[in-house]
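What follows is one structure encoded as structure tokens, with my remarks underneath.
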Amino acid sequence: MTIQTSKTIYWSLLTYEDWNLYIAATSEGLCYVGSPDQPVAELTAWAGRRYPGSSLVEEAAFLQPYAKELVEYFRGERTRFTIPFDIQGTAFQRAVWDALCDIPYGETQSYSDIAHAIQKPASVRAVGAAIGANPILITVPCHRVIGKNGTLTGYRGGLDMKVKLLQLERG
């Protein structure tokens, strides 16, 4: 995995109804969507691991296009994101994240389904790890992945958030 260095990462707090989420982007695109109601330390720790030596700059105006699409999604007005992403990961992680983006709005798939989609059917656990490493919740829809038996499984944003997102998408 290539770790990027010396980037400027712009961030802002997005508040929507009862959720407060830190979001961040580089000049190339959205790079981080935090868990609800977590302190800014979650963002700074992530940035320190993924982009050592980078500058974090609070800049709500820069994040406005990203916040706008997220709010439209939360309101049920948007089913696909058009904003650019700047996410760093291994080739395997990126394949998993791309497969997540192929899950249709309002539908779910299992970890096994994702492993088959990337032509690595024996890699279910590795798929789970890659999903857990997804830095941009919601926009790369890891909330659409459930257990093979239909149960809700772990989610960085918490199971309450996962339930709310799935309910939103199911109308």
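This is a predicted model, so every value here is computed, not measured.
- Not one N or O on the side chain of Lys148 forms a donor-acceptor pair closer than 3.5 Å with the backbone of Asp113.
- Under the side chain to side chain donor-acceptor pair (under 3.5 Å) criterion, Arg156 pairs with no residue, sequence neighbours left out.
- Environment of CG in Asp160: sparse, with no more than 12 heavy atoms of neighbouring residues, nucleotides or ligands closer than 6.0 Å.
- The ring-ring contact (aromatic ring centres under 6.0 Å, His included) search around Tyr155 returns none, not counting sequence neighbours.
- Glu69 and Thr82 form a side-chain donor-acceptor contact under 3.5 Å, judged by distance and modelled atom types alone.
- Using modelled atom types, no side-chain atom of Arg144 and backbone atom of Gln109 make a donor-acceptor pair closer than 3.5 Å.
- Listed by first and then second residue, the ring pair (Phe, Tyr, Trp, His ring centres under 6.0 Å) pairs that reach into residues 86-131 come to none, sequence neighbours excluded.
- Partners of Phe81 according to the ring-ring contact (aromatic ring centres under 6.0 Å, His included) rule, which considers only residues two or more places apart in sequence or in another chain, are Tyr73.
- Residues that satisfy the side chain to side chain donor-acceptor pair (under 3.5 Å) test with Glu42, not counting sequence neighbours, are Tyr32, Ser35.
- Shown here are the side chain to side chain donor-acceptor pair (under 3.5 Å) partners of Gln38, two or more places apart in sequence or in another chain: there are none.
- Proximity of a side-chain donor or acceptor of Lys164 to a complementary backbone N or O of Leu159 within less than 3.5 Å is not detected.
- Listed for the Thr90 side chain is a donor-acceptor partner under 3.5 Å among the backbone atoms of Gln93.
- Put simply, Leu13 and Ile23 are part of two different groups of oily side chains (I, L, V, M, F, W, Y) that touch within less than 4.5 Å, one to the next.
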